[in-house]
Amino acid sequence: TGALLTAGALRKTYGATLALDGADFGIHPGEVVAVMGPSGSGKSTLLHCLAGIVRPDSGEVRYRGRELSAMSDAERSALRRSDFGFVFQFGQLVPELTCVENVALPLRLSGVKRREAEARSTEWLDRLEVSDVAGKRPGEVSGGQGQRVAVARSLVTGPRVLFADEPTGALDSLNGERVMQLLTEAARDSRTAVVLVTHEPRVAAYSDREVVVRDGVARDMAGVA
Ligand code: ADP
Ligand code: ADP
């Protein structure tokens, strides 16, 4: 079906807690899918399984047809660095680095020279409308600015899938909506698929499609075929 990332019949328990109970999911290139549901329903666990951070007890996750659990840890880590991007609610910027150095970090770690890494990072800060904070440290910028820097950092490597877990959860609704606008615009321009975990309908409104998780069950008929 041309799906980029699919999951079928995912189960995951933590001790006696059944976090996922047969969840299905699928996403196509460039698609923005909101994963919705009440607190504790299994949204974050689903995202962590899709990203290869958490191994499901059973079921499978396939990225471009390859099963994540069949890869070695090193292969999965390499895939996460090259093809996946991540943005979370807060606490993701390195406090000792300036904002432009934070955005450049994943490029530097993958061997891009400082000058080029910072040039590309500056472009991304510009795109997220926070060029003015480039030389500041995260402690010196507002929550909304910091979150735009985090979005720039998550997209600077050109990921095929962006995993966003409550990316606007710490922002007021005006800032949150602007961050969502910029994030989804940038992702659509670069054909990056976005798995967006949120419990806020106003945030989910920026997606193409919604998948609801209830008690560990996600039924995504559009994605899995
Ligand atoms: P959501 O993201 O929808 O709030 P989660 O995926 O975080 O839901 O959690 C689903 C269920 O699994 C919850 O009952 C949660 O307490 C439990 N859970 C999640 N992660 C862990 C963990 N690392 N250890 C123990 N229980 C966990
Ligand atoms: P919440 O959904 O309440 O905002 P988080 O998104 O921080 O909480 O985490 C959701 C669940 O996933 C938590 O129960 C946590 O234990 C687990 N978790 C968070 N980060 C990781 C990680 N890097 N690896 C494995 N499990 C994680």
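Atoms within a ligand are numbered from 1 in the order they appear, just like the ligands themselves.
- Residues V179 and M36 do not share a hydrophobic cluster, defined by chaining ILVMFWY side chains whose heavy atoms lie under 4.5 Å apart.
- When the side chains of ILVMFWY residues are joined at heavy-atom separations under 4.5 Å, either directly or via intervening members, L105 and V112 end up in two distinct hydrophobic clusters.
- Every residue meeting the side chain to side chain contact (heavy atoms under 4.5 Å, CB included) condition with D57, not counting sequence neighbours, appears here in chain and number order: K12, T13.
- The ring-ring contact (aromatic ring centres under 6.0 Å, His included) search around F86 returns F163, not counting sequence neighbours.
- Here's the thing with A19: none of its N/O atoms is less than 3.5 angstrom from an N/O atom of ligand 1.
- With distances taken over non-hydrogen atoms, the option nearest atom 1 (P) of ligand 1 out of C49, G40, G37, A16 is G40.
- Numbered from 1 in the order shown, with element, the atoms of ligand 1 that lie under 4.0 Å from a heavy atom of K43 read 1 (P), 2 (O), 3 (O), 4 (O), 6 (O), 8 (O).
- Within ligand 1, counting atoms from 1 as listed, the ones closer than 4.0 Å to a heavy atom of S41 are 1 (P), 3 (O), 8 (O).
- The neighbour count for D215 CG, taken as heavy atoms of other residues, nucleotides or ligands under 6.0 Å away, does not exceed 12.
- Atom CZ of R114 is surrounded by 12 or fewer heavy atoms from other residues, nucleotides or ligands within 6.0 Å.
- Listed by atom number, the atoms of ligand 1 under 4.0 Å from S39 heavy atoms are 4 (O).
- Note on ligand 1: P38 sits in its first shell, one or more heavy atoms being nearer than 4.0 Å.
- When the options V35, T13, D165, T17 are ranked by their closest heavy atom to atom 17 (C) of ligand 1, first place goes to T17.
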